[in-house]
Amino acid sequence: MAQKEDVFKKIVSHCKEYGFVFPSSELYDGLGAVYDYGQMGVELKNNIKRYWWEAMTLLHSNIVGIDSAVFMHPTIWKASGHVDAFNDPLIDNRDSKKRYRADVLIEDEIAKIDDKINAEVEKAAKRFGESFDEAMFRQTNARVLERQAKRDELHSRFEKAMNANDLDELKQIILDYEIVDPISGTKNWTDVRQFNLMFKTQMGSSSDNTMDVYLRPETAQGIFVNFLNVQKTGRMRIPFGIAQIGKAFRNEIVARQFIFRMREFEQMEMQFFVRPGEELEWFNKWKETRLAWHKALGMGDEKYRFHDHEKLAHYANAATDIEFQMPFGFKEVEGIHSRTNFDLSQHEKFSGKKVQYFDPELNQSYTPFVIETSIGVDRMFLSVMCSSFEENETRVVLHLPKPLAPVKCAILPLVKKDGMPEKAMEIMQALKYDFACQYDEKDSVGKRYRRQDAIGTPYCITVDGQTLEDNTVTLRDRDTMEQTRVAIDELPAIIGRECSLNSLLKKLEA
């Protein structure tokens, strides 16, 4: 675990050193759990968003996009339940003076038991070699059975407490299982209490004429209140979806793990409207569709898993997370939820206006059910960085999925004379309309290769004396470091084949 934590620290440091992510307001000593994306980070982030957007809107003729406002009428948040129920269960340690989410402390304890069980299994697998029967070992080994029983009991108590919203039981679990504060190492805990996560501000031109409004904690409600606008103006027929990318804001008390949990973040959400009774079928379809989107990036199928929710939100009848293996464990990057007809029904109730769909095939009106897919841009960014980072004896390299890389190719004259810079700039001029390119002539070509490896550039194109004779260049591959001689005319096809988003989108269609 310590080694993985060291790797994560290196990734965080790398993000700052190479212009991916900066602490916000660093000139003024920073602002907690808020970050800025640098010149490389914003390109990677935009490429992630473009991949998501095009996978939604280009590959599905029945999904369209909107961009709703951050500020919305405050009654919307009353209708959605956020005013009354958008809370986290928090607990303080009196010695460290730190505050934690009680549910996360317990989930971490469950994960620790799982790690101990897996360590026993791995140790036995090495000892017995090919003859090892993992299933039999898990069913018969005394230590594994003891830990599994402890885990199952903890899991059962936790699930019941969360579903009952029993704050006293959450604290009792923490005490019974002797969960300690990671900083002070003590069990000197306060009671668990609820804390609302929404930011509130005022809107109005004078102090006696203001209205309390909220910074939106999610982008979904902007879609729901525009359901009829989109359906009617777009002449949409169910099933259809509405997609949106936008900022959301949560006053996270326990913000941690770099950009994994922030107070200002970005979401990519799609709400898919279906007939009542068909929602679970669509829920399963979207689970597989979204997992395929992640796996197409080639970051390792084994790094993903589904995690079904222990506690369903009051509006849901099915919910699962797509988790990715970060250096600090499997963590949620995307949620898929069957939200029933809760949201549209609530907005109909609170607005006093009919929010229904007339189905011409059934010749009846009804409130559609909704399947939600919601992915955090920042968490997706972090999963890409964690998966791509490699440090070895010779170099630090980001093996970014090539279509997502901020820079697709670097054009490098071997020396700054003999017409090589001019030829390199000519190649750059030809490629820059289709690919993000960099021109670099400073330092030795080896140092320039290392700089490009560190920002994840898939290809380096080196112009040398032979280029001036036969119009060929040396093309270096980031991942293999192999160098091949290719004609300048072939560069657009080679780079396009590996680096265009089309290659990813076609994988999804295959």
Side chains of Gln244 and Glu269: is there a donor and an acceptor less than 3.5 Å apart?
no
Is a side-chain donor or acceptor of Glu348 paired with a backbone partner of Val355 at a separation under 3.5 angstrom?
yes
Given 3.5 Å as the limit, does a donor-acceptor pair link the side chain of Arg101 with the main chain of Asp88, or not?
no
Which heavy atom in Leu404 sits nearest to a heavy atom in Val384, and how many Å separate them?
CD1-CG2, 4.2 Å
Hydrogens and angles aside, do Tyr304 and Glu334 bring a side-chain donor and acceptor to less than 3.5 Å of each other?
no
Only counting residues at least two apart or in another chain, list the ones meeting side chain to side chain contact (heavy atoms under 4.5 Å, CB included) with Asp453.
Arg395, Val397, Arg450, Arg476, Arg478
Is it true that the NZ or CZ of Lys49 lies under 6.0 Å from the centre of Trp52's six-membered ring and within 45 degrees of the ring axis?
no
Test item: side-chain donor near acceptor, Glu43 and Asn47, under 3.5 Å
no
Run the side chain to side chain contact (heavy atoms under 4.5 Å, CB included) test on Arg263 and Leu31 for me, step by step, so that the C-alpha distance in whole Å, both residues' side-chain angles and the decisive distance to 0.1 Å come before the verdict.
CA-CA 10 Å; Arg263 295 189 170 102; Leu31 187 64; over 6 Å; no
Any cation-pi pair here, Arg50 with Trp53, using under 6.0 Å and within 45°?
no
Compute both the distance and the angle, then confirm whether Lys287 meets the cation-pi test with Phe306: under 6.0 Å from the six-membered ring centre, within 45 degrees of the axis.
yes
Lys285 vs Glu281, salt bridge (charged side-chain N to carboxylate O under 4.0 Å, His left out): CA-CA, chis, key distance, verdict:
CA-CA 6 Å; Lys285 284 182 181 177; Glu281 178 186 344; 3.5 Å; yes
To the nearest 0.5 angstrom, please state how far the CD1 atom of Ile371 sits from the CZ atom of Arg339.
10.5 Å
Under 4.5 Å between any side-chain heavy atoms of Lys45 and Phe381, yes or no?
yes
Is the shortest side-chain heavy-atom distance between Asp191 and Arg193 below 4.5 Å?
no
Can you tell me how the ring of Tyr100 sits relative to the ring of Trp189, calling it parallel under 30°, perpendicular over 60° and tilted otherwise?
perpendicular
Using only atom types and a distance under 3.5 Å, with no angle test, would you say the side chain of Asn62 pairs donor to acceptor with the backbone of Pro239?
yes
Would a line drawn from the ring center of Phe389 to the ring center of His14 be shorter than 6.0 Å?
yes
Do the side chains of Lys126 and Glu122 get close enough for a salt bridge, i.e. N-O under 4.0 angstrom?
no
So do His347 and Ile76 actually touch side chain to side chain, heavy atoms under 4.5 Å?
yes
Side chain of Arg305, backbone of Glu323: donor and acceptor closer than 3.5 Å?
no
Check the pair Gln148 / Asp152 against side-chain hydrogen bond (donor to acceptor under 3.5 Å, both in side chains), numbers first and verdict last.
CA-CA 6 Å; Gln148 189 65 46; Asp152 291 344; 3.0 Å; yes
Side chain of Glu279, backbone of Gly277: donor and acceptor closer than 3.5 Å?
yes
Find the distance between CD (Glu332) and CG (Asp321) and round it off to the nearest 0.5 Å.
3.5 Å
Give a yes or no on whether the backbone of Phe260 and the side-chain of Arg379 come within a donor-acceptor separation of less than 3.5 Å.
yes
Looking at every heavy atom in both Leu505 and Leu59, which two are closest together, and how far apart are they?
O-CD1, 3.9 Å
Check: Ser80 side chain, Trp77 main-chain N or O, donor-acceptor pair, under 3.5 Å
yes
Inter-residue atom distance Tyr37.OH - Phe20.CZ, 0.5 Å rounding
11.5 Å
Closer than 3.5 angstrom, by distance alone: can the side chain of Asp378 be matched with the main-chain N or O of Glu266 as a donor-acceptor pair?
yes
Any Asp133 side-chain heavy atom under 4.5 Å of Gln139 side chain
no
Counting heavy atoms not belonging to Glu159, are there more than 12 under 6.0 Å from its CD?
yes
Side chain to side chain, Ser383 and Lys303, heavy atoms closer than 4.5 Å:
no
Distance, nearest 0.5 Å, that separates CD of Gln267 from OG1 of Thr219
4.5 Å
With sequence neighbours excluded, tell me which residues meet side chain to side chain contact (heavy atoms under 4.5 Å, CB included) with Thr367.
Asn341, Leu344, Ser345, Gln356
Any luck finding a side-chain donor-acceptor pair between His399 and Asp479 under 3.5 Å?
yes
Side-chain heavy atoms of Thr373 within contact of Met56, under 4.5 Å
yes
Heavy-atom side-chain contact between Tyr357 and Tyr366 under 4.5 Å:
yes
From Arg275 CZ over to Asp359 CG, what is the distance, rounded to the nearest 0.5 angstrom?
4.0 Å
Report the C-alpha separation of His294 and Ile375 in whole Å, then their side-chain angles, then the decisive distance to 0.1 Å, and conclude whether the side chain to side chain contact (heavy atoms under 4.5 Å, CB included) test is met.
CA-CA 11 Å; His294 288 273; Ile375 176 171; 3.6 Å; yes
Short question: side chain of Asp92, backbone of Arg94 - any donor-acceptor pair under 3.5 Å?
no
So how far is it from Lys402 NZ to Arg497 CZ, rounded to the nearest 0.5 Å?
10.0 Å
Walk me through it: do Phe158 and Asp103 pass the test side chain to side chain contact (heavy atoms under 4.5 Å, CB included)?
CA-CA 8 Å; Phe158 175 52; Asp103 57 328; 3.9 Å; yes
Minimum side-chain heavy-atom gap Ile110-Arg151 below 4.5 Å
yes
Within the 6.0 Å centroid threshold, strictly below: Tyr35 and Phe258:
yes
Determine the interplanar angle of the His60 and Trp286 rings, folded into 0 to 90°, and report it as parallel if under 30°, tilted if 30 to 60°, perpendicular if over 60°.
tilted
Is the distance from the ring center of Phe8 to that of Phe328 below 6.0 Å?
yes
Neighbour count above 12 (heavy atom, 6.0 Å) for Glu482 CD
no
Hey, is Asp181 close enough to Lys98 for a salt bridge, meaning N to O under 4.0 Å?
no
Less than 3.5 Å apart, any donor N or O on the side chain of Asn141 or Glu120 sitting next to an acceptor on the other?
no
Going through the checks in order, is the side chain to side chain contact (heavy atoms under 4.5 Å, CB included) test met by Arg138 and Ile117?
CA-CA 9 Å; Arg138 286 180 179 272; Ile117 292 171; 3.5 Å; yes
Quick one: sort the Trp293 and Tyr51 rings into parallel, tilted or perpendicular, breaks at 30° and 60°.
parallel
Report the C-alpha separation of Arg157 and Glu153 in whole Å, then their side-chain angles, then the decisive distance to 0.1 Å, and conclude whether the salt bridge (charged side-chain N to carboxylate O under 4.0 Å, His left out) test is met.
CA-CA 6 Å; Arg157 283 184 65 182; Glu153 183 196 20; 5.2 Å; no
Have Gln271 and Asp343 got a donor and an acceptor in their side chains that come within less than 3.5 Å?
no
Closest approach of Leu280 and Ser338, non-hydrogen atoms and distance?
CD2-OG, 4.3 Å
Under 3.5 Å, side chain of Lys408 to main-chain N/O of Cys499, donor-acceptor pair present?
no
